[in-house]
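Take a look at the structure below.
For clarity, every value in this text was computed on a predicted model and none was experimentally measured. Every number for a ligand or one of its atoms is a count from 1 in the order of the listing. Because only heavy atoms are used, hydrogens play no part in the values below, and waters and symmetry mates are left out as well, while side chains stay in. We count residues from 1, following the sequence as given.
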Amino acid sequence: MCGIVGCILNNDKAAPVLLECVKKLEYRGYDSVGIATPDSEIHIKKDKGMIDEVDAKVGLSDLPGDMGIAHVRWATHGIPTKTNSHPHTDCSGDIAVVHNGIIENYKELKDSLQSEGHIFKSDTDTEVIPHLIEKYMTTGLDLEESVKEALNLIHGSYAIAAISRNEPGKIVGARKESPLIVGKGENEYFLASDAPAILNHTNNIIYLEDGEMVILNKSGVTVKNMLGEIIEKEVHVITWTPDMAEKSGYDHFMIKEIHEQPEAVKNTLMEAEDIEEIVSQIGDVDKICFVACGTSYHASLIGKYLFESLIGLPTDVILASEFKYSAKAMDEKTLVIIISQSGETADTLKALRMVKEQSKTLAIVNVLGSTATREAEYVLYTRAGPEIGVAATKTYVSQLTCIYMLVAYISKRMDLIDELQNVPQQMTSLLENEGHIKKIAQKYKYASDFFFIGRGFSYPTALEGALKLKEITYIHGEGYAAGELKHGPLALIDDGVPVVAVVPPGETHDKTLSNVEEVRARGGHVIGVGSQEDGDLKSEVEDLIGLDPEINEIISPITYIVPLQLLSYYISVEKGIDPDKPKNLAKCVTVE
Ligand code: M6R
C-alpha cells in the first residue's frame, strides 16, 4: 500500500541507498517509483512501472546529495502514470513529499488551494500536502511548522516524508494510521514504512505512534507530538537480519518463503512460554471472536474448528472489513483474537480499536513492533521472519502453529504439542518432492477455473488454496466445503475441470471421497491431496499429491497447505507471472 523511505547519510550519496531501500518495499506497491534529493534545487526522478524497469529507463540512483526521500506506489487516487508518481511537489518545485495513505478531504483542500492560485499537476490526493506546506512556508514558517499546520487540516491516513530546498539538511516525517519507523545508524538516519527496508544499514528502530512527527537532520533524530513537545522514544534493537529480506539464490521470495516454512514452524514453537503466560493471564472467557482478512482470515477459520471441536468454546470468525456490524456483540468475557501478518492492515486495526475498550484482545502478528502489537492487550508473535512475497505462505503456517499452541495450552492437550513437533520434518519431506507438483502445475496451467474442496479442518485449507491460485496465477479458483458442492457448484463441473480435493486420513475421509466420486462422474479431473499410502484416494484421482501418512486430519492444515502453495507458485511461473508481485495487489493493505 505504498512504501516510503527517507535517509540522511554521512556524506555518502543518498540516491543509491534510497533505491536499495525502496526495492525492499516493492512488496507494498509496484505501480510507480520515485526519488527526490535536495541541494540548491530539488532533483526528482520518477516514472510508472516496476523499480528495475524505471531504474533502467531513468537511472534512479543518478541524483546528487547525501539525503533524500523515495516512494513505491500502489495507486489509490489517479491511475499509474509518471505525473501521478511520487514524490509530489508544490508550485515552485521547492518542496517534495512522499505519502502512504489516503487524504479523505483532498477534494475540498484542492479546491481551496486552487482558488488561492496553486497549480496542481497530478490527480493524486497526496499533492495537496506539498501545496499546503508551501502555503505555510510562504508565511514565514519553517518546514517543520508548515508540515504540522498542513497535517492539522488533513483528514485521513498518512505516513509522510517531506523535504524543502530551503532547509536542505532536514527531513520531516509524520504518521497517522499508516506505518512509519525511524532507523538510527552510525551518524546516519532513516525513515521507512517497514524495518526490512533499512536492515542493511541499522537494526536500531524507533516505532512512531499516530500523531507523532519526526525531524531528521545530520545531528540526529527528534520525535515530537503535534503540540511540538519533544517525546523520548525507546530504541528497539530488532533481531531480523539483512539476509532474511534477500532471495538467497531462490528465483522468487515466494518459493524461498515456502521453503522456510519448516523453520518458521520450529521458531514459532519456541513461543511456548509466552503462550502459557498469556493463557494464565487471560482468565475466564465464554466466547472467542477471531477478526482478520485474507489468508489471516483462513487461519482464523481453523481456529474456530479447534476452539469449538476441542474445547467447546463458541467461536466466531469475522472479516475485519465487516466487523462493525458485530462489535456490539462483544463483551468483557469475549476474547477477540486479531490475526495479521503485518499488524498494519487498516480494516483489522479499525476492528481492534472498536473493541479494545470492551473486550480482551490478543493480537497474533508477525511484524515486530507493528501497530496491532502496540494496541492489543496481549500479543503473540509468529516467528516467521520477514515475508516479502505478496502471497502469504510461511506466516500462514506460523499463525496456525500459534493457534494450535494456544488451544493446546488452554485445553491442556499436550498431545497436540507433540504432533506439532513433527510438522517441520513432515513439511521437509514434502518439499523434497516438489518436482512432482511442478509437473502437475505444467499439466493444468491452461485451466480457466479450478475448484478446491475439503471437509472440516480441510475446508479452510481449500479456501486458502483457492486464494493462493487467484492471487498469483490470475486463474479463477473457488474453495468449497466438499459437502456443499451438491447444493449448487456441482453445476460448474464439466469435462476436464480441475478439482483439488484435500483428503487427509480421518473422520471426513470417506465422505470427501464420495464427493470426489461425484466430481469424477461429471468429468472433473481430481488432484487428490492425501496420505501417500491412501490406495482408495489414489484409485479415484487423476493425480495424487502424497503426504506423510502420520499426519492426521486435525493437525493436517499446517502441512496440507504446502502442496497447494507450490501448485499455485509453479502455475504462476509457468504462465510467466511474477508471483512476488501479482497485479493490483500489495502486501500490506493500509487503506479501508
Ligand atoms: O497483514 P495481514 O495478515 O493483516 O494481511 C491480510 C491480507 O491482506 C493478506 O492475508 C492477503 O490476503 C495476502 N495477500 C494473502 O496471500
Side-chain angles (χ1 to χ4, degrees), residues 1 3 25-30 74 177-179 193-196 252-255 257-258 261 264 290-303 317-323 337-353 363-373 375-376 379-382 384-400 402-403 452 460-461 463-474 477 479 561-562 564-569 572 577-592:
M1 261 322 85
L25 292 179
E26 204 173 12
Y27 68 87
R28 299 179 70 89
Y30 24 85
W74 185 85
E177 294 169 19
S178 293
S193 299
D194 202 350
H252 299 100
F253 280 109
M254 184 176 175
I255 190 70
E257 288 158 3
I258 289 174
Q261 293 185 114
F290 283 95
V291 184
C293 308
T295 291
S296 300
Y297 173 78
H298 296 151
S300 305
L301 288 173
I302 301 283
V317 184
I318 302 177
L319 286 167
S321 54
E322 296 292 320
F323 183 72
I337 306 181
I338 297 288
I339 304 204
S340 176
Q341 182 285 130
S342 60
E344 300 291 352
T345 301
D347 291 325
T348 310
L349 290 178
K350 188 170 180 185
L352 171 60
R353 287 169 187 151
I364 299 181
V365 176
N366 193 50
V367 175
L368 310 172
S370 54
T371 306
T373 68
E375 298 201 10
V379 177
L380 275 176
Y381 278 110
T382 49
E387 187 177 69
I388 312 289
V390 164
T393 52
K394 62 176 178 172
T395 55
Y396 176 67
V397 299
S398 305
Q399 288 169 346
L400 292 180
C402 247
I403 299 170
F452 292 76
T461 306
L463 294 176
E464 174 60 9
L467 177 63
K468 288 286 91 81
L469 187 85
K470 280 182 268 215
E471 272 188 299
I472 61 165
T473 72
Y474 315 152
I561 192 57
V562 181
L564 307 194
Q565 297 165 342
L566 287 167
L567 183 64
S568 292
Y569 171 78
S572 176
I577 294 167
D578 179 350
D580 287 342
K581 302 185 197 102
K583 68 176 182 204
N584 305 339
L585 301 180
K587 180 85 184 153
C588 179
V589 185
T590 52
V591 292
E592 283 169 36

Taking it one step at a time, do L301 and L463 satisfy side chain to side chain contact (heavy atoms under 4.5 Å, CB included)?
-> CA-CA 10 Å; L301 288 173; L463 294 176; 3.6 Å; yes
Could you go through the side chain to side chain contact (heavy atoms under 4.5 Å, CB included) check for L566 and I255 one step at a time?
-> CA-CA 8 Å; L566 287 167; I255 190 70; 3.7 Å; yes
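Using a 4.5 Å heavy-atom threshold, the side chains of T393 and Q261 count as touching.
Taking the salt bridge (charged side-chain N to carboxylate O under 4.0 Å, His left out) definition, one finds that D347 meets it with nothing, sequence neighbours left out.
Sorted by chain and number, the heavy-atom contacts of ligand 1 below 4.0 Å come from C293, G294, T295, S296, S340, Q341, S342, T345, V390, A391, A392, K468, E471.
Evaluated for a side chain to side chain contact (heavy atoms under 4.5 Å, CB included) with K394, the options E257, Q565, M254 yield exactly one hit, E257.
Scanning both residues, T590 and P179, for their nearest heavy atoms gives CG2-CD, 3.7 Å.
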